[in-house]
Amino acid sequence: MKIAKEKVALFHYTLKNDAGEVLDSSEGESPMAYLHGEHNIVEGLENALEGKQAGDKFNVVVEPVEGYGEYDESLVQPVPKEQFGDHPVEVGNQFHADTAIGPRIVTVVAIDDEEDQVVIDANHSLAGENLHFSVEVVEVREATKEELDHGHVHGPGGHVH
């Protein structure tokens, strides 16, 4: 069976950056499972998996436009420190925030004590990066009705309700 819309695919992967550093991997873990065609993974990887079947191994480089997007300087901005309330704020902290473009995880990149402001970055941590994937397809199966209704995989490697 080949990976196609409304099929569930399970695969192992290693993700590296341009410098060859491993950013993420399923090695030693269960394979990742996703419902093809539902945008559960980055677009470029989903496109590369189309038509593959169990046993296929391949490498693909996903450019930012089909990964986590280009780095957007406008998503780096100062906010009043008071918006963090009693939460301790340090460079590198991450917070969930409601933004003009929807909920985002923002990262504190600087603190300006003189202005009493915190500079946050709402870009994904991999925005602007080429994503180098090494992939091995482990299994392809039919999606269940419940998975199709919910738009994601259930059970091992997927979502549990």
Side-chain angles (χ1 to χ4, degrees), residues 1-77 79 91-109 119-161:
M1 180 179 298
K2 293 185 179 202
I3 297 174
K5 185 167 177 52
E6 299 186 344
K7 303 285 188 229
V8 171
L10 288 84
F11 65 95
H12 279 292
Y13 70 94
T14 297
L15 169 60
K16 296 180 181 179
N17 61 14
D18 283 335
E21 300 166 314
V22 174
L23 304 176
D24 195 14
S25 178
S26 65
E27 188 175 327
E29 307 277 330
S30 297
M32 180 165 183
Y34 80 102
L35 180 56
H36 194 78
E38 292 296 322
H39 311 291
N40 298 153
I41 61 175
V42 294
E43 180 182 1
L45 181 56
E46 186 169 43
N47 290 342
L49 282 158
E50 178 88 26
K52 301 289 193 278
Q53 56 192 4
D56 286 350
K57 295 180 182 183
F58 65 96
N59 296 317
V60 63
V61 177
V62 176
E63 294 184 9
V65 68
E66 287 191 312
Y68 292 100
E70 296 294 344
Y71 190 83
D72 183 350
E73 288 290 339
S74 72
L75 296 178
V76 179
Q77 54 189 317
V79 296
V91 172
N93 287 154
Q94 293 187 316
F95 296 91
H96 290 273
D98 291 322
T99 70
I101 56 175
R104 287 281 179 123
I105 294 177
V106 299
T107 303
V108 175
V109 294
V119 180
I120 59 168
D121 184 346
N123 283 286
H124 187 280
S125 62
L126 295 176
E129 299 277 340
N130 290 318
L131 309 173
H132 298 257
F133 285 97
S134 295
V135 177
E136 178 182 1
V137 179
V138 176
E139 180 184 343
V140 182
R141 66 170 174 79
E142 295 290 341
T144 66
K145 181 180 179 331
E146 184 179 40
E147 290 170 330
L148 292 172
D149 289 347
H150 290 194
H152 57 253
V153 177
H154 291 175
H159 186 77
V160 178
H161 288 275

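Here, residue 1 is the first one in the sequence, and each next residue gets the next number.
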Return the set of residues passing side chain to side chain contact (heavy atoms under 4.5 Å, CB included) with [X] (not counting sequence neighbours), or none when no residue passes.
X      : answer
Glu21  : Asn17, Ala19
Ser25  : Thr14, Val22, Glu27
Gln77  : Ile120
Asp149 : Lys145

Nearest non-hydrogen partners of [X] and [Y], listed with the distance:
X      : Y      : answer
Tyr13  : Leu15  : CD1-N, 4.1 Å
Ser26  : Ser30  : CB-O, 4.0 Å
Leu35  : Gly151 : CD2-C, 3.7 Å
Val137 : Phe11  : CA-CB, 4.0 Å

Any residue meeting ring pair (Phe, Tyr, Trp, His ring centres under 6.0 Å) with [X], in chain and number order, not counting sequence neighbours:
X     : result
Phe95 : Phe84
His12 : none
Tyr68 : His124

Sequence neighbours excluded - side chain to side chain donor-acceptor pair (under 3.5 Å) pairs with any residue from residues 38-49: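 Checked against side chain to side chain donor-acceptor pair (under 3.5 Å) - neighbours excluded - the pairs reaching residues 38-49 are Asn47-Glu66.
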
Distance from [X] atom [atom1] to [Y] atom [atom2], nearest 0.5 Å?
X      : Y      : atom1 : atom2 : result
Glu6   : Thr144 : CD    : OG1   : 11.0 Å
His36  : Ile41  : NE2   : CD1   : 8.0 Å
Asn123 : Glu70  : CG    : CD    : 10.5 Å

Evaluation steps, side chain to side chain contact (heavy atoms under 4.5 Å, CB included), between Arg104 and Leu75: CA-CA 11 Å; Arg104 287 281 179 123; Leu75 296 178; 3.9 Å; yes

Side chains of Leu126 and Val42: does their closest heavy-atom pair fall under 4.5 Å? no

Side chains of Leu131 and Leu45, heavy atoms from C-beta outward: is any pair under 4.5 Å?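 No - every pair of side-chain heavy atoms lies 4.5 Å or more apart.
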
Applying side chain to side chain donor-acceptor pair (under 3.5 Å), can you list everything that pairs with Gln94, at least two apart in sequence or on another chain?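 Scan of Gln94 (side chain to side chain donor-acceptor pair (under 3.5 Å), adjacent residues dropped) gives Thr107.
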
Test salt bridge (charged side-chain N to carboxylate O under 4.0 Å, His left out) applied to Lys7 - qualifying residues, sequence neighbours left out: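 For Lys7 the salt bridge (charged side-chain N to carboxylate O under 4.0 Å, His left out) partners, ignoring immediate neighbours, are Glu142.
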
Results of salt bridge (charged side-chain N to carboxylate O under 4.0 Å, His left out) for Glu147 - residues two or more places apart only: Arg141

Check residues 52-65 and write down every donor-acceptor pair under 3.5 Å in which the side-chain atom is one partner and the other belongs to a residue at least two apart or another chain.
| from | atom 1 | to | atom 2 | distance (Å) |
| --- | --- | --- | --- | --- |
| Lys52 | NZ | Ala48 | O | 3.3 |
| Asp56 | OD2 | Gln53 | N | 2.9 |
| Asn59 | OD1 | Ser134 | OG | 2.8 |

